[in-house]
Amino acid sequence: MEVLIAETYDEMSVRAAAVVGKLIKIKPNAVLGMATGSTPLGLYRELVRLHQDEGLDFAQVTTFNLDEYVGLPNDEPHSYHYFMHEHFFQHVDVPSGNIYIPSGTTSNHAAFCAWYEERIRECGGIDIQILGIGADGHIAFNEPGSSLGSRTRLKTLARQTIEDNARFFERPDDVPVYAITMGVGTILEARAIVMLANGKTKAAAVARAIEGPVTSMITASALQLHPSVRVFLDRDAASELQMNDYWNWVQENRPRQG
Ligand code: F6R
């Protein structure tokens with residue numbers, strides 16, 4: 001695991017976007033795993049800038065989103081379909097047929113989830129998965145107690161997640177209780193993972209995910225088992241790490257690529 005600590009949210013976002021952009025240049029038909037929420041907004045902003053100002057081409061890219069609320073139609077402003085369109089897809093040239101986001105309105109959750117997993121496989125697997133982290137240590141909507149081998153499925157959101165996400169809704173009661181989410185096992189199959197976190201509210205979860213034991217109580221801790229994870233943090237999110245000196249030392253002494 002590589003931990004990169006930036007001074008600001010913007011710096012964190014730009015550095016993470018550079019990793020995604022570099023991959024797309026090397027592999028124009030890359031398969032990207034996408035996250036929603038407030039954390040990756042800066043990363044998407046920077047990818048849009050790279051597209052508009054520097055010609056980063058998404059014409060062959062395929063995307064799979066991590067999750068979607070159950071019960072929200074695609075055009076509902078709180079849905080993750082809407083979020084992705086607003087903040088990313090309408091600004092870049094990913095073909096609409098290459099965009100996959102779990103359905104919030106399917107009547108057959110099990111069949112949909114099996115199909116979603118199959119589509120990921122058929123598209124060659126995810127090259128790079130973008131992740132945020134919840135204050136309870138979740139990745140995607142894999143709440144504490146989720147199996148670390150879990151696959152895409154219907155999940156009941158934890159109370160903490162509902163409370164945290166109420167800020168996006170008019171009333172707390174409007175937050176859906178269920179979501180379809182990729183599983184931890186699904187995420188761990190991505191070839192590379194980029195996780196971002198900013199702000200003090202994430203500091204404890206980040207420390208437990210990176211430096212604590214691997215446990216289903218902090219599903220992000222499963223990333224310790226993955227061979228290619230880069231974690232991009234701002235100073236606040238990094239503030240409870242025990243090994244800050246080491247993470248910085250590693251960055252200062254990165255071996256030159258031969
Ligand atoms: C969103 C997702 C969630 C968020 C997490 C953090 O697709 O999978 O795990 O990454 O809840 O959300 P924010 O970024 O809003 O703090």
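Starting from 1, each residue takes its place in the sequence as its number. Counting convention: from 1, in listed order, for ligands and their atoms alike. Being a predicted model, the structure only gives us computed values, none of them experimental. Keep in mind that the numbers below use all heavy atoms, side chains included, and drop hydrogens, waters and symmetry copies.
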Taking the six-membered ring for Trp and the single ring otherwise, decide whether the centroids of F168 and Y69 are under 6.0 Å apart.
no
Distance to 0.1 Å, residue and atom name: give those for the protein heavy atom nearest to atom 5 (C) of ligand 1.
H138 NE2, 3.4 Å
Side chains of N198 and R235, donor plus acceptor under 3.5 Å:
no
Atom indices of ligand 1, in the order listed, that fall short of 4.0 Å to a heavy atom of G37
14 (O), 15 (O)
Does any N or O atom in Y80 lie less than 3.5 angstrom from one in ligand 1, N or O only?
no
Might you confirm whether atom OH of Y178 has over 12 heavy atoms from other residues, nucleotides or ligands at distances under 6.0 Å?
no
With a 4.0 Å cut-off on heavy atoms, does R167 reach ligand 1?
yes
Which residue and atom name correspond to the protein heavy atom nearest atom 10 (O) of ligand 1, and how close is it?
G132 CA, 3.4 Å
K202 N/O under 3.5 Å from ligand 1 N/O:
yes
Which atoms from ligand 1 have a heavy atom of L66 less than 4.0 Å away?
8 (O)
Atom 8 (O) of ligand 1 - nearest protein heavy atom and its distance:
D67 OD2, 2.7 Å
How close does the nearest protein non-hydrogen atom get to atom 1 (C) of ligand 1, and which residue and atom is it?
T36 OG1, 3.1 Å
Just by distance, no angles: are the side chains of E68 and H81 close enough, under 3.5 Å, to form a donor-acceptor pair?
yes
Looking only at the aromatic ring of each residue, does the gap between the centers of W115 and F112 stay below 6.0 angstrom?
yes
heavy-atom search around atom 6 (C) of ligand 1 in the protein gives I133 O, 3.4 Å
Please confirm whether A140 comes within less than 3.5 Å of ligand 1 when only nitrogen or oxygen atoms on both sides are compared.
yes
Does Y80 reach the main-chain N or O of I101 with its side chain, forming a donor-acceptor pair under 3.5 Å?
no
Are side-chain N/O atoms of T186 and E117 paired as donor and acceptor at under 3.5 Å?
yes
Determine yes or no for a side-chain-to-main-chain donor-acceptor pair under 3.5 angstrom, with R15 supplying the side chain and S13 the backbone.
no
How far is atom 14 (O) of ligand 1 from its nearest protein heavy atom, and which residue and atom is that?
T39 OG1, 2.5 Å
